[in-house]
Structures are given as structure tokens and as C-alpha cells.
Amino acid sequence: MTRTLQGIVEHGDARGRQLGFPTANLQTDRAAELDGVWAGFADVEGFGRYMATVSIGHRPTYYPDTAATLVEVHLLDFDADIYGCRVAVELTAFLRGQVRCANEQELVALIAEDVRVRRRMASADTVTALWPWMGQISL
Ligand SMILES: Cc1cc2nc3c(=O)[nH]c(=O)nc-3n(C[C@H](O)[C@H](O)[C@H](O)COP(=O)(O)O)c2cc1C
């Protein structure tokens, strides 16, 4: 089942860019029940539709004791300042839960793998778009 949420991009800590995975942080109120890392799509107002990996949670690696839930969208093959834009996100697959990493390298390796998995899903998305009935077949 695809879940959707949308919000306006606000400024984050800008740490994502340093890690190599910049994120658009969304201001949205219905995220807590979606805690985890997701694959999906993001429609960015004025830019179009992009593949995305989405982190929903409280960044346990950095903030083990806070409960505030953040929605952070990493857009694949995209680089522009979209602060203030409306972004609509479709979560198509749950990838994993949030992990409290021992260090930054561990976190970067995890996120890089999330992005690889998302890219591999792209070929499956294409098949479903061209032949929707194929998604109905169970073997
Ligand atoms: C695909 C993806 C997966 C993530 N997974 C985790 C995670 O398992 N644990 C964690 O503490 N943070 C995770 N994060 C959040 C990063 O810690 C966060 O994006 C980074 O610290 C930058 O934060 P900022 O946008 O506030 O600068 C993930 C981010 C992305 C994009």
C-alpha cells in the first residue's frame, strides 16, 4: 500500500550535504506512525518527480534522547535549492528501521545502500508502469 505525505521544505542542520546525502526536511504533522526508512517518489513543486529515499524518525545516531519526528527526503539525481517549495512524497516500500550508528561512516554506508536499493527498484517501477497487470501476478 502506498502512503503519501506532503509538506513545505524547511532548513535542516545542513549535515546531510556534508555526509554526501543532502535532504529536504519537510514540515508535516502526520509522520510519527511511519517511523523508518522508505523508498518512494517525490513530486517537487516547480521541478517534477524524482526517485527518493525518505528517512522518518529522530536521527538516533545524533539525537538518541529526543522524540521529535523528522521527515527527510533525499532526492536522487537532483541538486537545487528547494527551500520553501511544496513536496509531495509517495512511500512505496519500507526499507528498514532507524539505526543508531556507532559513527558517521557506518551511517553513510547504510544510506548509500538505501540509495542502491532504491535504484534497483527503478527497473521494477518501469515494468509496472508499462504493464500494470504484471504487478497483479503472484507466482
Ligand atoms: C535514506 C536515509 C536513511 C537514514 N537513516 C538514518 C538512520 O538509520 N539513523 C540515523 O540516525 N539517521 C538516519 N538518517 C538521517 C540522517 O542522520 C540525516 O539525514 C543527517 O544527519 C542530516 O540531517 P540534516 O538534514 O538535519 O542536516 C537517514 C537519512 C536518509 C536520507
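We count ligands from 1, going down the list as the structure has it; atoms in each ligand are counted the same way. Values below: all heavy atoms of this structure, side chains included; hydrogens, waters and symmetry mates excluded.
Under a 4.0 Å criterion applied to the non-hydrogen atoms of Val99, ligand 1 contributes the atoms 7 (C), 8 (O), 9 (N), 10 (C), 11 (O). Atoms of ligand 1 found under 4.0 Å from any heavy atom of Leu107 (numbered from 1 in listed order, with element): 6 (C), 7 (C), 9 (N), 10 (C), 12 (N), 13 (C), 17 (O). Set against the non-hydrogen atoms of Asn25, the atoms of ligand 1 under 4.0 Å away are 25 (O), 26 (O).
Annotation: atom 1 (C) of ligand 1 to nearest protein heavy atom, Thr53 OG1, 3.5 Å. Residue, atom and distance of the protein heavy atom nearest to atom 22 (C) of ligand 1 are Gly16 N, 3.3 Å. The shortest contact between atom 27 (O) of ligand 1 and any protein heavy atom is with Arg15 N, 2.7 Å.
Looking at Pro60 next to ligand 1, an N or O pair under 3.5 Å apart turns up. Among the atoms of Thr61, some N or O lies under 3.5 angstrom from an N or O of ligand 1. Where the criterion is an N or O separation shorter than 3.5 Å, residue side chain and backbone included, Thr23 meets it with respect to ligand 1.
When the heavy atoms of Ser55, Ala14, Pro22 are ranked by distance to atom 14 (N) of ligand 1, first place goes to Ser55. The nearest non-hydrogen atom to atom 7 (C) of ligand 1, considering only Arg118, Glu106, Gln18, Gln98, comes from Gln98. Among Arg96, Glu72, Arg59, the residue whose heavy atom lies nearest to atom 5 (N) of ligand 1 is Arg96.
With hydrogens and angles ignored, the 3.5 Å screen pairs no side-chain donor or acceptor of His58 with any backbone N or O of Thr69. At distances below 3.5 Å, not a single donor-acceptor pair connects side-chain atoms of Thr23 with backbone N or O atoms of His74. Thr61 places a side-chain N or O within donor-acceptor distance of the main-chain N or O of Cys101, the cut-off being under 3.5 Å.
Cluster annotation: Phe94 and Val71 are assigned to the same hydrophobic cluster (Ile/Leu/Val/Met/Phe/Trp/Tyr, side-chain heavy-atom contacts under 4.5 Å, transitive).
Applying the salt bridge (charged side-chain N to carboxylate O under 4.0 Å, His left out) criterion to Glu45, with sequence neighbours excluded, gives no partner residue. Partners of Asp43 according to the side chain to side chain contact (heavy atoms under 4.5 Å, CB included) rule, which considers only residues two or more places apart in sequence or in another chain, are Arg49, Ala88.
Note on ring orientation: taking the six-membered ring where Trp is involved, the planes of His11 and Tyr83 are parallel (angle under 30°, cut-offs 30° and 60°).
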